[in-house]
Amino acid sequence: MAQIFHRSTNTVARVSIYGSLVALLALSFALYGLSASPYYTDVNQPKDQPVPFSHRHHAGELGIDCRYCHTSVEESSFAGIPPTQTCMTCHSQIWTNSAMLEPVRASYRSGRSLEWIRVNALPDFVYFNHSIHVHKGIGCTTCHGPIAEMPLTWKANTLQMSWCLGCHRAPEKFVRPRDQVFNPNYQPPADQAVLGAQLVKEYQIQSLTNCSTCHR
Amino acid sequence: MTANGNNGTGKRGPDLDALRRRLAARGGRQYWQCLEELADTPEYRDFLHHEFPHDPAKETGVPRRDVLKYMAASAALAGLSACTKLPEEKIVPYVTPPEQVIPGKPLFYATAMPAPHGGGAAVGLLVESHLGRPTKIEGNPQHPGSLGATDAIAQASVLTLYDPDRSPVVVREGRMSNWTAFLRFLTPILEDRKRIRGAGMRFLSESVISPAMGAQMRELLAMYPEAKWHQWEPAGRDAAREGAQLAFGRDVNTVYHLDKADVIVSLDADFLRQGPGAIRYAREFISRRKLDGPESKMNRLYVVEAAPSNTGAMADHRLPLRATEVAGFGRALAAALGVLPGGPAASKNVPQKWLQVVARELDSHRGSSLVIPGEYQPPAVHAMAHAINAALGNSGKTVEYTDSLEVDPVNQAESLRALVSDMAAGKVDLLFLIGCNPVYSVPADFEFKAHLLNVRVRVHLGPYHDETAEQCNWHIPEAHYLESWGDTRAYDGTVAFIQPLIAPIYEGKSPLELLAAVQGKAGQTSHDLVRNYWKTQHVAKDEKAFEAFWETSLHDGVAAGTAFPPKVTPVVANLPARLPVALPTSSGGGALEVAFRPDPTVFDGRYANNGWLQELPKPFSTLTWDNAAMFSPATAERLGVSSGDVLRLTLAERVTTAPAWVLPGLPDDAVTLHLGYGRRRAGRLGNGQGFDAYALRASAGLWAAPGLKIQPTGETYRLAATQHHHIVDREGHRAEEESAAANDPGRGIVRAATLEEFRKNPAFAKEEEEEKTSGLSLYPGFAYTGYSWGLSVDMQSCVGCGACVVACQAENNIPVVGKHEVLAGREMHWIRVDTYYRGELENPETYYQPVMCMQCENAPCEGVCPVGATVHSPEGLNEMVYNRCVGTRYCSNNCPYKVRRFNFLLFSDWTTPSLFGVRNPNVTVRSRGVMEKCTYCVQRIQAAKIESEKQDRKLRDGEIVTACQQACPTEAIVFGNLNDPSSRVSRLKARERNYGLLEDLNTRPRTTYLARVRNPNPELGG
Amino acid sequence: MSASHTPPIIEPGYTFASVSDKISSIILGRRTPRWWWLGLAVSISILMVFNLAVTYLLARGVGIWGINIPVGWGFAIINFVWWIGIGHAGTLISAILLLLRQKWRTSINRFAEAMTIFAVACAGAFPLLHMGRPWLFYWLMPYPNTMGTWPQFRSPLVWDVFAVSTYATVSLMFWFVGMVPDLATLRDRAKNRLAQVVYGFLAMGWRGSAVHWHRYETASLLLAGLATPLVVSVHTVVSFDFAIGIEAGWHATIFPPYFVAGAIYSGFAMVMTLSIPLRKLYQLEDFITMRHLDNMAKVMLATGLIVAYGYMMETFMAFYSGDTYEKFMILNRMTGPYRNFYWTLILCNVLLPQVLWLRRVRSSVPMLFVMSLVVNTGMWLERFIIVVTSLHRDFLPSSWGMYYPTRWDWATYLGTLGLFFTLMFLFLRFLPVIAIAEMRGLVPAGSGGKKE
């Protein structure tokens, strides 16, 4: 009787058998790649803000200290977002009628808060504390990246758990002298290995990787 | 000082202002609909957006038709681990920052809670505030009535502040109105009243203790001479007041010094849990029972009581007597001591030997003994107690008398009777009901509700739109004590100011403000009223000094040197003559007698809508969400009643139906009924829970009455107890099943001895086997180089008050699950107070054992979790990682202590905005399908560690205090670093009485117990 | 017993052709019988109940079940163990008996394997559904992730993931490979185009050449070799879920053998429950003969005795060890709130099956059918007793509780039966229930080509 299938079916069959395996692998790699891609992690994606605040200008060109605005960074878990008042300390004097700053003045007049878009967000079950990191010699730019070069702020790191662990497992690679913590242009020295080890001892930095360090 | 919650960072409390504005904006609606309608205001929506980036609507339990949507949500959540894009969040900074407030750091303010369950005496508090949201109540160490501890009700009071069912707006005739409208209405009426000197004008309040309010009261009565002021407190101290009248010819405030007493006799007094100074007294009492070693001494407590009480559980000798028999016992005791001529013979239920021994003990401890009369015993008992204490020379030593705390002490029953008859006679046409709920709580025979409607203008001030508000033309929402200014007195008269932590969330007004309005000083804030009153009290010589006084008092939470001085008060000569000849008749002979008691958790009913208190297991019965008619096992057997049977209770033509509960240790032929349930308008939690015992209560027998008739209805009712007590037959005699097992030496769960045994064998709590094998392992243990946390629980000190349970619930955002879930065995408390009996059911010894996670060194739970969601920390904690948990529940199955709790459904409330305010921002709010448990308040540990590291120093002992430890009135719980041999906890664990629960399983628990030692009198055996 | 009494494993008078005819005609020949439609309809409607139960479960959470603290595992785990156990007979028959050259297995191995696969499918559902957050099931598998975490390999639940998935894969392969020649037969005999294409596709170009047969034999043997250890390993691992635990009544070294025996016990019971109606409805008495039933009955008797020994040892050890909790656990099983379950279990698994000693019983089809049902019930009760009574009253009396299944527990349990039988009916209708090729091998030599 007549053949039900064309000869080529054999080839098709063989190919599809191995092909399916390959496809499966490819898919899983794709998924993993996606989860690490800026599309998901938001890394290097500047966010539009109600006021186009430029860290490059303020922290970089003018060299204003981080703590001038982020006042509670040394004492609280939360680094602090400057109240409108802080902006107005200068901007009641300069750029007093630039359109760009109208929202700030409006907020100051009306008493309604500015609503900034959060750039570096963590899930609610993660308890990060700025003050202790700063105290142990972890610089702003270690996590927040080259802030002094950001016209609009973006997220410099994924802030994913594995990324946190990278430092918590080997702090000596990232720690810097306390007096350099707020220096946005700090570059780790060639002998970071030596310096790091020494600072870790000096600042009594423990490599805390147990869960309740961050999850409570 | 009160910042509104929404400012600061993106993850903070609700924009309450906005919600309030919204409420005010809506008109012509019945108030209780408004809250629901809030759900779709823009404020609410973007508030939710701030609070819950993962749209909670997708995560909450849903009606079935939303199922598909829901599954989609589940699918969406699936990515959480790796590839979930965090939704956009907003940061909303202040415009101008309030001073002191640092986002991310809590502030603590001193204030005081007027504690109705403490006879109106204050509990001094320190309240934790996160960006203007009060979240947690702590005791104020400087306050004499608190000494840094609290009780369950004080702990739970912060939840009432955020109760969505609190009355939000002024209501006129059931329709929404506002304060100004009320003032407009009031002014002309008051004008008329002025002309007729206030005739027909009446005030009804609870006992007035606030000095400022007292002053207003006097001014008002001066302003309206014909007006009358009445006071009524459903669980008031009439008996004590009248007793003092009998003994001293005037009302006094009795202050005990339990730390000075070697022998204490309680005549049906639950002084460790109820009445003024209970927290203080618990501390003092236990301070004489803490045992450093075999050589240390102990006081001895004899308790005669009508219903099992926490005090009775601490007794070395306990005698259950029917409420009406106690007076006879007191009289006999007085006679035996030669204080009073022998009266009528005591009931046959009083063993003569017992009486003799007690008498001898008291006699041999003149000046260091103490007889305490029960709040709910008739005046005669109080008078006799006073007389005995005087005769034994205890006055001035173990007991002192001062002026009454009340501004105007009156016989409240009589005061109320007068009011009711006036109302009946139509003599009243303007009635102010201030912070009370008489329609619900007044004795049934007064028929208050019927007469109330004779009054033309009825104005009600109260926190809820309750049974009384319903019957009034005007209802004014009463501000919570955390929302308004005021002043209080502690059990010894010490003044503490009530300082608000937040602006009224709703349109609440304090009693002071309402009374000011009646005085025509509507403008004044409660702050000014309190301040101005104290200006006139010569507490300071000039303006500047007063300023200092005011500031320090606010800061410390107590006004220094305002305690009442003790007064020498001799007992009147002709006391015997003044005592009632006929003692209250005890029914007996098969007839049932009823004893009324305020409920241990919801008290007189005012806390009925507080979920934390409703779900707090009541002592002994461990009932939640219900009250029941309590029978002794023998009586229940005789009447053929068993737990859960619904009975028809009849007391002199008054009828109610109640479920029965069989409770060991009750006197026979007596039924105990707890007040405070069967509320109709308490709120969504309190409505319809339990039965209304007030329906049976008459002014004649406020606390006890003979002649109760019961009649089974044939129905049964499911009561939700957290610890199921089955009464079973064991080797012929009836026993309580769980307790029998707990006392089995093989399990060795409860370990106790008498003082003598302890002195003979100090290590009675140890087991050689355990000692030999403890710590044995094939593998080298983990070296704890840094801290190593541990906890010690002293069963000797635990009085079973439950403060720790609620404190833990408040600190750790533990959800309330409701009666149905408790019935299913799913209550969520991380710490529970296990109760075991030992001995005969008629009068067993009671043992309390608080159980929280043991943080086992060899934790059975850790090995079996497939995802490593529960792991051991380098400081010895058994950590629970909620966000990693997938909910296999294997850990809980494998936990021998069953201290793990599981979110079987979405138990946390993710939808009621007002409840978000009470959450502790430092603890994750768990979602459904997640296991949770105690971690020694790891958030507190981390916070303290970070602070110490920032100062480059080690933690000091006592720097970290767990929530349960902080709340405990008797310091039964001590937390600390086991690596520091000098730490308190290490020293406690070094004691002979130290033992670990189920140590034979080699779990090596970090929480250990100090065995209980009782001090019975050898003459009475036991 | 002597060979003369042994009933044959295939009735005389069959030829290669008639064997093929008889079996393939079930699928291709006669029109679908009414009872099949009826059976399928019932099964599918029960399956719908399952879907409802699962949907509601995902919507509300596991709280819709009767589980609580202390009894954190209820029906879900009971059913999981029960279903996995049932699966075992299939693998045993197809793999071990193949290696042991037990010819009688041929006529039952096909649907026994099918039963295995469907049972594993039902079993597999429960570990997922019983999780509090089932959408995170993949956290139990080791894969590189952004959390830098791994599963916790000390946990038996993780071993389960591997054990069960391996088991499912191997059984499926074995079943399919075994079917290839028959699918070819069906392809060749099929009349309509669709059937030809479908079976043709599944037959993977089988031409019955010597090479094909050679590879086929080798593959079967290899797979049999793989499957054999699984018969033992899978239920051993499942038993670890309990044996690793600290609970009295779980923490016992006897669990692995005792679980495996139990598994085969219930498995054979289920094979019997299925084969008896099957042979009747399709007039396959000639292929599934009394010999088969008799052998299966004997296996049940043997494994049943091992299980009984297990119960005995549990009780003995409890008292011999002198351990308070063990003693209490046993007494609580025998006299506690769940005593009726315990004694029913003893009745079903130990006492009643002893009648299988009697040949009269083993040769009475109705009796065997009843016994198979009895044993299935008994084995389910055993899992109930192990899971519930060990948990509900353990170490601290204050935490004692009770477990009452809710209607959702029942819906999920019965629902899986719906799933199982739906698959079974589809299998009966569209695939050869008996291995045609292998049955041909049983046709007495010589009668091969002869016509009737």
Side-chain angles (χ1 to χ4, degrees), chain B residues 61-62 64 66-67 70-71 74-75 77-78 80-83 723-724 737-739 741-742 744 746-747 749 821 824-826 832 834-836 849 851 860 863-868 884-890 892-894 896-898 900-906 928-931 997-998 1001, chain C residues 55-56 58-73 127 130-140 145-147 149-152 154-158 160-161 241 244-247 250 323-325 327-328 387 390-391 393-404:
Chain B
V62 295
R64 277 183 221 163
D66 294 358
V67 155
Y70 200 94
M71 288 170 75
S74 317
L77 282 167
L80 268 182
S81 80
C83 47
Q723 190 183 337
H724 310 278
E737 196 171 11
E738 281 86 349
S739 300
D744 167 358
R747 291 186 196 249
I749 289 164
E821 294 300 307
R826 298 167 180 175
R832 56 173 200 261
D834 289 349
T835 309
Y836 297 113
Q849 184 170 53
V851 178
V864 297
C865 175
V867 292
R884 178 68 176 171
C885 178
V886 296
T888 66
R889 302 181 297 287
Y890 200 170
S892 167
N893 289 346
N894 215 33
Y897 308 95
K898 292 288 175 282
R900 293 177 156 267
R901 297 290 178 254
F902 188 68
N903 292 271
F904 288 91
L905 300 166
L906 190 84
R928 74 130 137 144
V930 174
M931 190 63 69
L997 211 49
L998 302 177
L1001 300 176
Chain C
T55 316
Y56 188 54
L58 293 175
R60 293 292 317 282
V62 288
I64 66 170
W65 292 341
I67 47 177
N68 56 24
I69 310 289
V71 187
W73 284 350
H130 100 290
M131 290 166 63
R133 302 199 291 172
W135 52 88
L136 296 178
F137 71 94
Y138 59 91
W139 282 2
L140 271 73
N145 61 56
T146 58
M147 298 176 289
T149 52
W150 293 103
Q152 215 249 108
R154 285 184 302 163
S155 168
L157 295 187
V158 175
D160 266 348
V161 174
D241 292 352
I244 295 290
I246 193 175
E247 294 286 301
W250 284 12
D323 180 276
T324 317
Y325 312 108
K327 270 188 289 185
F328 178 86
V387 171
S390 308
L391 286 172
R393 291 186 169 187
D394 62 355
F395 301 96
L396 280 195
S398 64
S399 319
W400 287 355
M402 288 294 284
Y403 168 74
Y404 304 102

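Every value quoted in this text rests on a predicted model; they were computed, and no experiment measured them. Every chain is numbered from 1 and lettered A, B, ... according to where its sequence line falls, protein lines coming before strand lines.
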Answer with side chain, backbone, both or neither: which region of [X] has an atom nearer than 4.5 Å to a non-hydrogen atom of chain C?
X        : answer
B:Pro860 : side chain
B:Asn903 : neither
B:Ser892 : side chain
B:Ala824 : backbone

Which residue, C:Trp65, C:Tyr403, C:Trp250, forms the ring pair (Phe, Tyr, Trp, His ring centres under 6.0 Å) with C:Trp73?
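Exactly one pass, corresponding to C:Trp250.
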Under the ring pair (Phe, Tyr, Trp, His ring centres under 6.0 Å) test, residues paired with B:Tyr836 that sit two or more places apart
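Scan of B:Tyr836 (ring pair (Phe, Tyr, Trp, His ring centres under 6.0 Å), adjacent residues dropped) gives none.
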Between [options], which has the largest tally of heavy atom pairs under 4.5 Å with chain B?
options                               : result
C:Ile244, C:Ile64, C:Ile67, C:Thr149  : C:Ile67
C:Val62, C:Leu157, C:Thr324, C:Ile69  : C:Ile69
C:Phe395, C:Phe137, C:Trp150          : C:Phe395
C:Val71, C:Asp323, C:Asp241, C:Asp160 : C:Asp241

What part of C:Tyr325 is in contact with chain B, defined as an atom under 4.5 angstrom from a non-hydrogen atom: side chain, backbone, both or neither?
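The side chain, not the backbone.
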Inspect the contact between B:Glu738 and C:Arg393 and indicate whether a charged nitrogen and a carboxylate oxygen are less than 4.0 angstrom apart.
no
B:Lys898/C:Glu247 salt bridge by N-O under 4.0 Å criterion:
yes
Can you list everything that forms a side chain to side chain donor-acceptor pair (under 3.5 Å) with B:Arg832? Sequence neighbours excluded, please.
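Side chain to side chain donor-acceptor pair (under 3.5 Å) list for B:Arg832, sorted by chain: B:Asp834, C:Ser398, C:Ser399.
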Which of [options] touches chain C most, by non-hydrogen pairs under 4.5 Å:
options                                : result
B:Thr888, B:Leu905, B:Asn893           : B:Asn893
B:Val886, B:Val867, B:Val864, B:Ile749 : B:Val886
B:Cys885, B:Ala742, B:Cys865           : B:Cys865

How about B:Met931 and B:Arg889: do any of their side-chain heavy atoms sit closer than 4.5 Å?
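With C-beta onward as the side chain, the pair touches.
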At their closest point, which heavy atom of C:Gly72 faces which heavy atom of C:Leu391, and how far apart are they?
N-CD1, 4.0 Å
Closest heavy-atom pair, C:Leu140 versus C:Met131, reported as atoms and distance to 0.1 Å, is CD1-CE, 4.3 Å
